[in-house]
Number of protein chains: 2
Amino acid sequence: MIAPGHAEPARRRGLADEVADRLREGIFAGVYEPGRQLREVELSAALDVSRGPVREALRLLEREGLVRCSWHRGATVTTLSPADIVELDSLRGALEELAVREAVRNATDDDLAAVAAAAEAMRRAPDPREVARHDIAFHDAVFAASHHRRLVEAWQGIRNQVHLFLLTRIARGTEGYLDAVPDEHRDLAALLRARDAAAALPRFAEHRARAFDVLTAEG
Amino acid sequence: MIAPGHAEPARRRGLADEVADRLREGIFAGVYEPGRQLREVELSAALDVSRGPVREALRLLEREGLVRCSWHRGATVTTLSPADIVELDSLRGALEELAVREAVRNATDDDLAAVAAAAEAMRRAPDPREVARHDIAFHDAVFAASHHRRLVEAWQGIRNQVHLFLLTRIARGTEGYLDAVPDEHRDLAALLRARDAAAALPRFAEHRARAFDVLTAEG
DNA sequence: CGGTGGCACAATGTTAACATTCAGACATGA
DNA sequence: TCATGTCTGAATGTTAACATTGTGCCACCG
């Protein structure tokens, strides 16, 4: 049974999207480590599809910043340098600031309930990897609540790179992350439900700074 | 003669990029009006290439927001609704604000000279279409001066849509555009060269608001 | 011994043919 | 007359073979 307002477009996806999902999974699971070359023939053989969808999937992942492609030199998994992380942090800040303002204005109560639910779901995550996944999902919900299609697309352009960044952060040590972030997310969700942009904006900024400092201080 | 620092990677491009250029050209020239379907076979016949590169080019243009693709329903040239223009304006504002701050911090003198040159070049544009092209080129230069790769990529995700928006604005009437914008660009360039972010930011905001109001007031 | 030129291999770019799917039209029935 | 079902045609999704390009190796020369 599907509620009337939640009817998905039920659009069927091509093989390329499927392949892209598998590759993303592989990258986040560590099967394809950063810097590794992704050869089209190898992948098409492993996934049992032709090179066409693989090619298209690689371009999709390039759009997400997870791989880089060069002329006749194939695709390699993105490696995040410290400078890249600075870029991610600043751009993410600009996007999220707009997202919060728009969410406070345009979000439905259901949208904000979804944000709160994402914050709660994080508490029940069994291991750090799952926590990171829920961390991203929380911010996804915030962007979705903005009802700003192009803003969501811009976020998707760096979303997976931020995810990668979170994983490396976890690898450096989980102190101050696993316990602090869920509480912060809960507070942020509450401020959004109160539709208090003036209070929420600096809290979101602090939230980002906390994640960011961990890597710059030690790195 | 090429200066040492300006040596382009001299990377060769594939047919897909070439096709994408031709299609963009066609869209901006009005050959493919908004809403029109772009059929792969038709395009591949017209441009005398196979469907592969055409397919890839369409995905590229989708990334730029110039076309929209659906499963088994092909690509259509984007039509900008009033709501889309509001989205473009707000997202562009968030990106450009960051670009100005980063440019003031990171830009070389050459970068800012290029911004100023772009502003001057606009004065010598022969017709409104060329003015719009130089208008975009000016903002390109600002983003380039930020030395922020991901920010530039995010800008490229809406750049061509903003261009489309400028063209429709011109179609509504050129008063207050052809004469005012070049002067504004000159002032903005000067503020950037003075590296005065505090003064530049509100001026950039006014500049965007002026372009934006024309369409919302009449539309 | 260091540098340069060419050669062969391997991987990507491109092409054309095959398979699948969507949209509209037409006929049929209530 | 309207709704429903099937069918047809055209367009996209997919595949596999062909062409082009980059890279590394090895011989050759200075």
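On a predicted model such as this, the values are computed, not experimentally measured, just so you know. Letters go in sequence order (proteins before strands), and every chain restarts at 1.
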Table of protein N/O atoms under 3.5 Å from nucleotides 11-15 of chain D N/O atoms:
| from | atom 1 | to | atom 2 | distance (Å) |
| --- | --- | --- | --- | --- |
| D:dT12 | OP1 | B:Glu40 | N | 3.2 |
| D:dT12 | OP2 | B:Glu40 | N | 3.1 |
| D:dG13 | OP2 | B:Arg55 | NH1 | 2.3 |
| D:dG13 | OP2 | B:Arg55 | NH2 | 3.2 |
| D:dG13 | OP2 | B:Arg59 | NH2 | 3.3 |
| D:dG13 | N7 | B:Arg51 | NH2 | 2.9 |
| D:dG13 | O6 | B:Arg51 | NH1 | 3.1 |
| D:dT14 | OP1 | A:Leu15 | N | 2.4 |
| D:dT15 | OP2 | A:Ser50 | N | 3.0 |

Donor-acceptor list for residues 42-54 of chain B side chains, cut-off 3.5 Å, not counting sequence neighbours:
| from | atom 1 | to | atom 2 | distance (Å) |
| --- | --- | --- | --- | --- |
| B:Glu42 | OE2 | B:Arg36 | NH2 | 2.9 |
| B:Ser44 | OG | B:Glu40 | O | 3.1 |
| B:Ser44 | OG | B:Val41 | O | 2.8 |
| B:Arg51 | NE | B:Glu40 | OE1 | 3.0 |
| B:Arg51 | NH2 | B:Glu40 | OE1 | 3.0 |

With sequence neighbours left out, the residues meeting side-chain contact (heavy atoms from CB on, under 4.5 Å) with B:His134 are B:Ala121, B:Met122, B:Ala125, B:Glu130

Residues 78-89 of chain A vs salt bridge (charged side-chain N to carboxylate O under 4.0 Å, His left out), sequence neighbours excluded, gives A:Asp84-B:Arg150, A:Glu87-B:Arg150

Donor-acceptor pairs under 3.5 angstrom involving side-chain atoms of residues 93-104 of chain B: please list them, not counting sequence neighbours.
| from | atom 1 | to | atom 2 | distance (Å) |
| --- | --- | --- | --- | --- |
| B:Glu96 | OE1 | B:Arg208 | NH1 | 2.8 |
| B:Glu96 | OE2 | B:His139 | ND1 | 2.6 |
| B:Glu102 | OE1 | B:Asn106 | ND2 | 3.1 |

The side chain to side chain donor-acceptor pair (under 3.5 Å) partners of B:His147 (sequence neighbours excluded) come to B:Asp111

